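Being a predicted model, the structure only gives us computed values, none of them experimental. Both backbone and side-chain heavy atoms feed into the values below; hydrogens, waters and symmetry mates do not. Residue numbers begin at 1 in each chain, while the letters A, B, ... track the order of the sequences.
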Amino acid sequence: MIARFDPLLPIAEVLAEIGRALEAGPNLVLEAPPGAGKTTQVPLALLDASWRGDGKIILLEPRRLAARGAAHRLAAHLDEAVGETAGYRVRLDRKIGPKTRIECVTTGLFLRQLQGDPELKGVAALIFDEFHERSVEADLALAFALEAQASLRPDLRLVVMSATLDGAAIAALMPTARRITSEGRAFPVTTHHLGDDSATWIEKQMAAAIRRALADEAEGDVLAFLPGLGEIRRTERELGGLADAIVLPLHGDLPLSDQDRAIQPDPQGRRKIVLATSIAESSLTIQGIRIVIDSGQRRVARFDPATGMTRLTTTKVSLANADQRRGRAGRLGPGTCYRLWSANSERALAPQPAPEIIEIDLAPLALELAAWGIDDPSNLPLLDPPPAAALAQARELLRELGALDPSHRITAHGRAMAELGLHPRLAHMLLIAKSRGLGALACDIAAILTERDIIGGPGRSADLGERLELLQSGGGDRGARARIQQAAKDWRRQLGIAAERDGSRSEAGSIVALAYPDRLAQQRGGKGQYRLASGRGAELALDDPLSRESYLAVATLDAGQKSARIYLAAPISLAEIEVDFASLITSAEQVAWNAREEFVEAKRERRLLALVLEEKPLQKPDPDLLRAATLDGIRQMGLDVLPWSNTARTLRARVAFLRRVLPEKDWPDWSDDALLASLPDWLGPHLTGMSRRAHLDRLDLHAALTDSLDWQQRQALEQLAPTHLDVPSGSRVPLDYETAEQPVLAVRLQEMFGATETPRIAGGRAPVLLHLLSPARRPVQVTQDLASFWKGAYKAVKSDLKGQYPKHYWPDDPLIAEPTARAKPRPR
DNA sequence: CTCTCCCT
C-alpha cells in the first residue's frame, strides 16, 4: 500500500507552507521541477484544508493521458479505486462518483464547463498542472478563472503549478499570489556536446551519434529526438542494420500497437533505439532509456494570417525543451545525453518555447472570447496577448461563418458552435449540414478531420471519400477508426441525430466546403495543380487519383512557400458550388489589358472569390472601361510603344526647354514619368476605337500633346521656342532642341553675314548655340558669341575656307557683307 | 525530401 503522503518526495518539505499560503490568500504559484511529486501531493494536501468545505478540487491537465494517469496515482495514494474520492473527466470518458472530490480534467473540457458555469458552483480550488507548457487553453482558463474569482468567487483558490516559469510575469497576473519553490528529483545525466555541424545532414549526424553512444555506453536503451517523420525514416535508412539492437520509430501517426512496441522493452532483450518526435518529450514515457540523443530541432505549426493557413516549420528547440528531453535519460538511474550542437551555440537558444497563443490559428480563441463576452482581450489577465493580425483574421472568419455580428458579439449560431467543442469551422459545418439533413455524414467527416488518419503510411490518397468508406467497411487502422467512430457518435448525440449515415461519399465535398469555402479549389495548368478560392496555389501528391477532379473541397493542407500541399480533400461539382455558394458568386464585366496578346480583353466573368467559374467574351464593352484598359496597357508597355514622330519629339523638347529657362511660367512637365502619370488626360481623348497594340500606330502624338496646351500656351510656344529661325540670308533654319542643353542653330556661315549678335529666343532670355558650317555643311565653328567670332577667329577661318572654296564669297568685313545662301550674292 | 503535438 502507498502512503497518502510520501515524506521522501521533495514536495513534502513545502506542503505545510502551501497549506498556510492558501489559508492566508486565495492564489498560489508553485514552481517545482519534474519528479517533485506535485501532481499527486498538492491536490491531496488541499483535500484536508478547512476552506474546502465540501467543495471540489479540479486538477487541470493538458492531456487526456495525463488526466487519467493523475487520477490513477491519486486513487492509489488514497488506497481507493478511481472514481471514488479521485476521478477524471476527459472527452468521451469519465470516472466520477458521488464521493469524488478531486477531479482530474483536461483543460479543454474544463473551458466548456467554465463557459457554462462561470460561478464554478461546488468548486473550491483549481490547480493548473504543467502551466509552463503554455497552451492557449491553459492561458485562457486561467484568465477566465481570475476574472470569475474577481467578480463572482473571491473564495475560489487558484494554484498555478509549473516546472519552469517566469515567476515575475505570472505574479503580475496574480498580484496577491504567494510564490513557493520546491526541489525536483532526478538522477544526474552526463551531457556531451557533439559540436555544430551545419554542413552534414542531421540524419547522418544522428546515425553517427547513435553508433558512438552504443559503443561508449555498455547498456541501456537509446531515445533519439528528431523533428519529424521524414528525418526519422532517413535516420533509420542511414543506420542500416545494427547488430544486437533494434530501431523503432515513434510518432503520432503510428498505430497504437506500433507505439506500444516502441514503449515496451524488447521481448527478445535486444538493445532498443527509439527514433522519436517530440511526442516522447512529455506525452509518452519509454521504458529502459538511459541514453538520450537530441537533434536540437523540432517541427512546429505556425499560422500565417496572410494566407489563413498553417505551415509546418522546423526550428531549434528551446533550452527548456532540450532539458526536458535530457531528463528522459535520468528516470532509471544516472544517464547520458548527447546534444548535436556545441556548448557555445547553446547560449543562443531561447529559454522557453514560444507560447501557443503567439503562433497558432486563433479562431477557437476568438470564439471563446466572444462566448465569455469579451471584445478587447487586452483587458484579460493574459501573459501574452494574442497577436492583433491573427486575431483580426480569426474574427473575420467567425463573422463569415455567422458566429459573430459586425460588432464582434456572439450570435445564437456562434453559441451553438462554441458548445459543440470543436474548431469553429467544423462546428459551423455540423450545424449547417444538420439543417440540410446531412448531419451524420458531417459528424463522420469532422471526426476524420480531427482524429489520427485511418490510413497510414506513404502514398496514401488525399481522398476523404476513401476514409468514409473505411469507416463503414471496418478497414484501416483499428485504433484510429475506433476514435473516429466514438467522436462522431458523441457529436451525433449532442446534435440529436439518430441516423448513423444520412449521406453518401459523393456529398462529402459540399459538406467540407461549408467549413472551408476559402479552400474550394479549381484545377489549373498541370495535373494535380489547383487554385484555391483564396487565390493561393495548392497541389496534390503526384499520381493522387483525386487529381482527375476539376473541383475539390480541400479540408487540410500545409501552406508551402509557393504552393500548398493538399492532404485531405473531396471532389465537388460545379453544380454543387453554384447552388451552395450562390451568395458568394459574383458576375462582373471584366475589361482588362491582356499583356501576353497585347489587346483589351472584354469578358463577363462569374467568380467565386479568386476562382473564375465561367467566362464569356463581351460584345459591346463600355467605351470608358475600354479606354481605361488601353491606357493600362500603354502603362505596362511604356511610352516607347507609342509612335513618336519627329515633330512630336521636337515639341516635347521645346516645352522642356521653356520649362527650363522660364521656370516662373507654368510649362507642363512632359518627362516620361509625368506623361505616364497623366496619360488619361492627354492621350485618353485620342484613344477612341483603339483596343490593341497595332491600333496605337494611328495615333498623332503631336496633335495629342498640342491639344493638351491652352490657346495662350500654344501662341507663346511659337513665339518663345519657334521651330525655325529666319537668318540674314532669308532662309528659315530649323532649331534643334534635342541634342544639347541649349537649342542649336546649324547654319552655313555665309548666311549669317551682316548679323552682329547671336540670335536669341525665349523672349531674349536664351542665346542659341550657333553651329557655323562650311558651304558643304561641314562644321567650322561652334559659338554662342557671334560678335566676338567676327572680330577674332573669323580671320583665320576665312583664309581656310578661301583655300577650300575659292569660288565662294569671303568678304573681309562680315558685318557689312551681304549674306547669301549661294556661292556668291546675286549681283545687284 | 510525404504532417509537430494536443484538446473541446
Nearest-Å distance, [atom1] ([X]) to [atom2] ([N])?
X	N	atom1	atom2	value
A:E451	B:dC5	CD	P	14 Å
A:R299	B:dC1	CZ	C1'	10 Å
A:F128	B:dC7	CZ	P	18 Å
A:F225	B:dC5	CZ	P	12 Å
A:E231	B:dT4	CD	P	7 Å
A:R298	B:dC5	CZ	C1'	9 Å
A:R233	B:dC1	CZ	C1'	11 Å
A:R63	B:dC7	CZ	P	8 Å

### Carboxylate-amine/guanidinium contact A:R64 A:D93, below 4.0 Å
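Answer for the salt bridge query: no.
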
### Task
In plain terms, say whether A:R467 and A:D444 are close enough for a salt bridge, that is, a side-chain N and a carboxylate O under 4.0 Å apart.
no

### Message
So for A:R234 and B:dC1, does any side-chain atom that can act as donor or acceptor lie under 3.5 Å from a complementary atom in the base?
### Response
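Such a pair exists between side chain and base.
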
### Query
Can you find a side chain N or O atom of A:T314 that sits less than 4.0 Å from OP1 or OP2 on B:dT4?
no

### B:dC3 phosphate, OP1 or OP2, under 4.0 Å from A:R452 side-chain N/O
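Result: no.
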
### Query
Counting distance only, does the side-chain N/O of A:R519 pair as donor-acceptor with the main-chain N or O of A:A555 below 3.5 Å?
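Confirmed, A:R519 side chain pairs with A:A555 backbone.
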
### Message
I'd like to know if the side chain of A:R326 reaches the main chain of A:C337, judged simply by a donor and an acceptor atom lying under 3.5 Å from each other, with no hydrogens or angles considered.
### Response
no

### Query
More than 12 heavy atoms of other residues, nucleotides or ligands under 6.0 Å from CZ of A:R94: is that the case?
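Counting neighbours around CZ of A:R94, 12 or fewer heavy atoms of other residues, nucleotides or ligands fall under 6.0 Å, so no.
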
What nucleic acid atoms does [X] come within less than 4.0 Å of, heavy atoms only: base, sugar-phosphate, or nothing?
X	value
A:A541	nothing
A:G230	nothing
A:T450	base

Using the side-chain heavy atoms of [X], tell me which of these nucleotides is nearest: [options].
X	options	result
A:L422	B:dT8, B:dT4, B:dC5	B:dT8
A:L312	B:dT4, B:dT8, B:dT2	B:dT4
A:R565	B:dT2, B:dT8, B:dT4	B:dT2
A:H423	B:dC3, B:dT8, B:dC5	B:dT8
A:T556	B:dT4, B:dC5, B:dC3	B:dC3

### Message
Just to be sure I understand the geometry, which residues of residues 105-115 of chain A put a non-hydrogen atom under 4.0 Å away from DNA chain B?
### Response
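Under 4.0 Å from DNA chain B: A:T106, A:G108, A:L109, A:R112.
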
### Task
Over 60° means perpendicular and under 30° means parallel, so classify the ring planes of A:H72 and A:Y88, tilted if in between.
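A:Y88 vs A:H72 ring planes: tilted.
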
### Query
Will you find, in the side chains of A:E368 and A:Q115, an N or O donor that is under 3.5 Å from an N or O acceptor?
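Yes - a donor-acceptor pair under 3.5 Å links their side chains.
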
### Message
Nearest heavy atom decides the nucleotide; on that basis, is A:R483 or A:L229 closer to the 5' end of DNA chain B?
### Response
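The 5'-side residue here is A:L229.
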
### Query
Want to settle it: does A:T277 or A:W201 sit nearer the 5' end of DNA chain B, counting the closest nucleotide to each?
A:W201

### Message
Applying salt bridge (Lys or Arg N to Asp or Glu O under 4.0 Å) to A:R91 and A:E451, what does each step give before you reach the verdict?
### Response
CA-CA 13 Å; A:R91 184 167 72 114; A:E451 301 297 332; 3.1 Å; yes

